[in-house]
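What follows is a single structure, written as C-alpha cells, with notes after it.
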Amino acid sequence: SIVLQLMSYQDSYVASPNDTKADIELVKYSEDGVTAKDGTNLLAHVADLKEQGYTKAKLSHRCVLVGELISSSVEGVERVGELVQIDMPESGRRGFNTATLQASYAVAKGRKTAEEAAILTLKAVKETTKSGEKYTKIVFA
C-alpha cells in the first residue's frame with residue numbers, strides 16, 4: 001500500500017488490443033477519449049484492432065493521479081517525499097471517484113478538513129480472472 005497526498009488528477013484514455021502478447025505499438029493513448037496523441041481516431045483504431053483478430057480490443061477510461069508519496073509499505077521504495085504519478089486502469093478510476101465523493105461528503109459534514117481529504121491510501125490487491133489470469137487491482141482504503 002501507499003499513502004499519497006493528492007495534488008492533481010486527470011482523466012486519460014487508452015485504446016488497446018487488451019492482449020498481453022500484442023505489440024506495445026498497438027496501444028494508443030489520449031487525453032480526450034477521441035483522438036490519440038499521434039492523431040489516430042480511437043474508435044477507428046479499436047475497430048481496426050478487432051479486424052486484426054484482437055477480439056478483446058477496447059477503449060478504456062483511465063485516471064492519472066499526481067501527488068507526494070507520504071509512505072509506502074513496499075520494501076526498497078525510496079521515493080517518499082517525492083512527486084509521483086499513478087496511471088490507474090478503469091477499475092481504479094471508479095474507485096478513485098467513489099473515494100473522492102466520500103471525502104467530499106466528510107468535508108461537507110465537518111468530519112475531515114480539505115487537507116485531510118487529500119490524503120489517499122491505495123492498496124494493491126492481487127486478483128484472478130475467471131479464466132485464471134492474475135492481475136493487480138487498486139483499492140482505496
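If you're wondering where the values come from, they're calculated on a predicted model, not measured in any experiment. For the single chain, residues carry numbers from 1 onward in sequence order.
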Which residues satisfy the side-chain hydrogen bond (donor to acceptor under 3.5 Å, both in side chains) test with Glu31, sequence neighbours excluded? none
Side chains of Phe140 and Leu122, heavy atoms from C-beta outward: is any pair under 4.5 Å? yes
Using every non-hydrogen atom in the two residues, find where Ser16 and Val27 come nearest and quote the distance to one decimal. OG-CG2, 4.1 Å
Salt bridge (charged side-chain N to carboxylate O under 4.0 Å, His left out) partners of Glu90, counting only residues at least two apart: Arg94
Are the side chains of Leu6 and Phe96 in contact, using a 4.5 Å heavy-atom criterion? yes
Do you know the tightest heavy-atom contact between Ala36 and Ser30? CA-CB, 4.0 Å
Nearest 0.5 Å, please: how far is CG in Leu83 from CG in Leu4? 9.0 Å
Ile2: which of Leu120, Ile86, Val80 passes side chain to side chain contact (heavy atoms under 4.5 Å, CB included): Ile86
Passes side chain to side chain contact (heavy atoms under 4.5 Å, CB included), Lys58 versus Ser60? Steps please. CA-CA 6 Å; Lys58 68 178 184 173; Ser60 297; 3.3 Å; yes
The criterion is salt bridge (charged side-chain N to carboxylate O under 4.0 Å, His left out); which residues satisfy it with Asp32, sequence neighbours excluded? none
CG (Asn97) and CD (Gln102) are apart, to the nearest 0.5 Å, by 12.0 Å
Listed once per pair and sorted, the ring pair (Phe, Tyr, Trp, His ring centres under 6.0 Å) pairs that draw on residues 50-78, sequence neighbours left out: Tyr13-His61
Note: Cys63 and Ser12 closest approach over all heavy atoms is N-OG, 4.1 Å
Which residue pairs pass the ring pair (Phe, Tyr, Trp, His ring centres under 6.0 Å) test with at least one member in residues 24-45, sequence neighbours excluded? none
Contacts of type side-chain hydrogen bond (donor to acceptor under 3.5 Å, both in side chains), residue Asp19, not counting sequence neighbours: none
Would you tabulate the side-chain donor-acceptor contacts of residues 64-74 under 3.5 Å, counting partners in other chains and residues two or more places apart, or write 'none'?
residue	atom	partner	partner atom	Å
Ser72	OG	Val74	N	3.1
Ser73	OG	Ser1	N	2.6
Ser73	OG	Ser1	O	3.2

Any chance you could pull the hydrophobic cluster mates of Val107, using side-chain heavy atoms under 4.5 angstrom and chaining through other members? none
side-chain hydrogen bond (donor to acceptor under 3.5 Å, both in side chains) contacts in which one or both residues fall within residues 76-89, not counting sequence neighbours: Arg62-Asp87, Arg79-Glu82
Tell me, please, which residues at least two apart from Arg111 pass salt bridge (charged side-chain N to carboxylate O under 4.0 Å, His left out). none
All N/O donor-acceptor pairs, side-chain side in residues 130-138, below 3.5 Å, sequence neighbours left out:
residue	atom	partner	partner atom	Å
Ser131	OG	Thr129	OG1	3.0

Can you name the nearest heavy-atom pair linking Leu42 to Ala15, along with the distance? CD2-CB, 3.8 Å
Holding to salt bridge (charged side-chain N to carboxylate O under 4.0 Å, His left out), I want the full list of residues that pass it with Lys28, two or more places apart in sequence or in another chain. Asp38
